[in-house]
There are 2 protein chains.
Amino acid sequence: MGIKERKERHKEDLKQLILDTAKSLFTRYGYEATSIRKIAAEIEFSPTTIYLYYKDKSDIIYALHQEGFKLLSDRFVTLSNVEHPFERLKAMGRTYIQFALENSDFYELMFIMREPLDFLDTHCGEMDGDGWPEGDATFNSLIMTIMQCQEYGYFKGHETKTFALLVWSTVHGLCSLTVHGHLEHIVKNRQFFDSGISAMEASFNSFLQMLESMK
Amino acid sequence: MGIKERKERHKEDLKQLILDTAKSLFTRYGYEATSIRKIAAEIEFSPTTIYLYYKDKSDIIYALHQEGFKLLSDRFVTLSNVEHPFERLKAMGRTYIQFALENSDFYELMFIMREPLDFLDTHCGEMDGDGWPEGDATFNSLIMTIMQCQEYGYFKGHETKTFALLVWSTVHGLCSLTVHGHLEHIVKNRQFFDSGISAMEASFNSFLQMLESMK
DNA sequence: AAATATACTTAACACTGTTAATATTCAAAA
DNA sequence: TTTTGAATATTAACAGTGTTAAGTATATTT
């Protein structure tokens, strides 16, 4: 039955086309512009057709959130070359921040908005699912790196996972405040010494200096 | 002209009633339920009447955001009793976290959502305003405390404002990840040792331990 | 050829923020 | 005391949003 397969493939194609269109609108015009009706208009289908391929909006949002994690993952794999775990940890921080600044809409979807997690709760798992696979995988690589740092004598007396969460929170805090404009409003009318670099960079450097001294 | 004054007061009263109603809906049912139409229905006025007292929705959202800062400020003033700046810094962190957990909707309005800052940008200041008065005031008290810590020998070699931003980011990062459910999803299916306390508490304690060692 | 399954659309529901035009109210001026 | 005019409030509408029930048209199977 080759015909059935061809139809199946066509169906997969349209599902992919919807996602690509959503991604394009999202990347170009942000979250606001990414409505089901606008996606439908872009691919010249009726809005209800979208519902034949995605359960609801949170389903599309979750798929976009996954695309974001692919982008971040691509950046992280290049860091596996960095041998020394502490150097790698520092590079991960820089990469994470750079990703957040260059893909702020994706960052929001991945680490700030509730919608993707809502989708996981209401449409997937339901008690059995592993919570949040994308976030888990990313957090795991951080835990591994920090564990290796500890083998080199860093962060003594700190439980690995707890310390990993602490590191993530710090960097995420900087990114969150920056991406949503809070940092900009605080920096305004307050000279943050060290001309040339941003307040965020300065704070991140301060953080690295802090970590460095924990050996 | 006593009549004019009475009308003025009535006008102020209605403006306050709108805000109180918004606050009530917001506190009880969250951001979703706080629409202009629902506020109007609650006070039995037409939705357009709201626009005679508030420019637009972001105006109401900004007013609510200010209410949130009043609540946080009330909690912070009691900490001025704590004499030793480092003890005060720790207490500030705990208070901030507790506030975020107990008033997560307000926390979102104050430190996560863009809308209140959008209001400042488009309806106020416009080049001359001081950016974000409420955020500024809160951040200033943190800067002051950290400056006093430095006088006691803490955080040597770290620029005050930069380090204050670092501390804020860390605690905000923990709150942001918790309030939006990301932390919960990560902790799920991953035993975070130290039974009894949450992963967040554990990380915060790890942070305090880290700061303590910086003397 | 008739029955059935698939893919898609139209129309509608129940919301959202916001605005223009209209009506009501009520103190001040003629 | 009647008229005027500003302040206050409302109705109706616009342009959106996500989502669903019902209907259509096309292609496959019986």
Side-chain angles (χ1 to χ4, degrees), chain A residues 1-19 21-22 25-26 29-65 109 113-116 118-119 121-123, chain B residues 1-19 21-22 25-26 29-65 109 113-116 118-119 121-123:
Chain A
M1 292 197 187
I3 292 151
K4 201 166 187 176
E5 274 174 23
R6 202 181 61 214
K7 286 203 89 182
E8 279 296 312
R9 205 171 57 226
H10 172 72
K11 193 162 178 174
E12 282 304 309
D13 283 356
L14 189 44
K15 180 157 188 173
Q16 189 59 49
L17 179 62
I18 291 168
L19 183 57
T21 308
L25 285 173
F26 184 75
Y29 311 114
Y31 181 75
E32 297 287 88
T34 312
S35 74
I36 285 180
R37 293 174 128 98
K38 275 176 191 159
I39 297 168
E42 195 82 359
I43 60 175
E44 295 181 295
F45 276 85
S46 103
T48 48
T49 303
I50 309 275
Y51 287 87
L52 299 172
Y53 299 90
Y54 290 91
K55 233 177 155 61
D56 54 22
K57 198 186 178 182
S58 75
D59 196 348
I60 300 173
I61 293 302
Y62 180 72
L64 278 177
H65 140 285
L109 228 50
M113 285 176 62
R114 282 205 191 84
E115 279 79 353
D118 286 349
F119 175 77
D121 289 338
T122 62
H123 296 304
Chain B
M1 294 195 185
I3 292 148
K4 202 166 187 176
E5 274 174 24
R6 203 182 60 214
K7 286 201 88 180
E8 279 296 312
R9 205 172 57 226
H10 172 72
K11 192 162 177 172
E12 281 304 308
D13 282 355
L14 190 44
K15 180 158 188 174
Q16 189 58 47
L17 178 62
I18 291 168
L19 183 58
T21 307
L25 285 173
F26 183 76
Y29 311 114
Y31 181 75
E32 296 287 88
T34 312
S35 73
I36 285 179
R37 292 174 128 99
K38 276 177 189 158
I39 297 168
E42 194 82 359
I43 59 175
E44 295 182 294
F45 276 86
S46 103
T48 48
T49 303
I50 309 275
Y51 288 88
L52 299 172
Y53 300 89
Y54 291 91
K55 233 179 155 60
D56 54 23
K57 198 186 178 181
S58 74
D59 195 348
I60 300 173
I61 294 301
Y62 180 71
L64 278 177
H65 140 285
L109 227 51
M113 286 175 62
R114 280 204 192 83
E115 278 80 351
D118 286 349
F119 175 77
D121 289 339
T122 61
H123 297 304

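The analysis underlying the following values was restricted to heavy atoms, covering all of them including side chains, and did not include hydrogens, waters or symmetry mates. Per chain, numbering begins at 1; letters A, B, ... match sequence-line order. Nothing here was measured: the structure is a model prediction, and the numbers come from that model.
Going from atom CD1 of B/Ile39 over to atom P of C/dT18 covers 11 Å, rounded to whole Å. Between the OH atom of A/Tyr54 and the P atom of D/dG18 there is a distance of 15 Å, rounded to whole Å. Distance B/Asp56 CG to D/dA15 P: 20 Å, rounded to the nearest Å. Rounding to whole angstrom units, OH of residue B/Tyr51 and P of D/dT8 are separated by 19 Å. A straight line from CG of B/Asp118 to C1' of C/dG17 spans 15 Å, rounded to a whole angstrom. Atom-to-atom, CD1 of A/Ile50 to P of D/dG18 comes out at 10 Å; the value is rounded to the nearest Å. Residue B/Ile18 contributes atom CD1, which lies 9 Å from atom P of D/dA9 at whole-angstrom precision. In this structure, B/Ile60 places its CD1 atom 11 Å from C1' of C/dG17, rounding to the nearest Å.
In this structure, B/Ile60 and B/Ile50 have side chains that are in contact, with non-hydrogen atoms separated by less than 4.5 Å. Counting heavy atoms from C-beta on, the side chains of B/Thr34 and B/Tyr29 never come closer than 4.5 Å. Using a 4.5 Å heavy-atom threshold, the side chains of B/Leu14 and B/Leu52 count as separate. In this structure the side chain of A/Ile18 never reaches within 4.5 angstrom of the side chain of A/Phe45, judged on heavy atoms. B/Tyr31 places a side-chain heavy atom less than 4.5 Å from the side chain of B/Met113.
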When you look at A/Phe26 and A/Leu109, which way does the side chain to side chain contact (heavy atoms under 4.5 Å, CB included) test go after all the steps? CA-CA 10 Å; A/Phe26 184 75; A/Leu109 228 50; 3.6 Å; yes
Starting from the C-alpha separation in whole Å, work towards a yes-or-no answer on side chain to side chain contact (heavy atoms under 4.5 Å, CB included) for A/Leu19 and A/Tyr53. CA-CA 10 Å; A/Leu19 183 57; A/Tyr53 299 90; over 6 Å; no
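Residue A/Tyr53 has its side chain nearest to C/dC8 when only C/dC8, D/dT17, D/dG18 are considered.
Each end of the helix from C/dA1-D/dT30 to C/dA30-D/dT1 gets its own rotation axis from five pairs of C1' atoms, and the angle between them is 40° to the nearest 10 degrees.
Residue-to-nucleotide proximity on DNA chain D shows that, of A/Lys55 and A/Glu32, the 5′-proximal contact is made by A/Glu32.
Put simply, CD on B/Glu115 and CG on B/Asp56 are 10.5 Å apart, with the number rounded to the nearest 0.5 Å.
Here salt bridge (charged side-chain N to carboxylate O under 4.0 Å, His left out) pairs that include residues 32-47 of chain A, with residues two or more places apart or in two chains, are A/Arg28-A/Glu42.
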Find every protein N or O atom lying less than 3.5 Å from an N or O atom of nucleotides 10-12 of chain D, and list the pairs.
| from | atom 1 | to | atom 2 | distance (Å) |
| --- | --- | --- | --- | --- |
| D/dT10 | OP2 | B/Ser46 | N | 2.8 |
| D/dT10 | OP2 | B/Thr49 | OG1 | 2.6 |
| D/dT11 | O4 | B/Thr48 | OG1 | 3.3 |

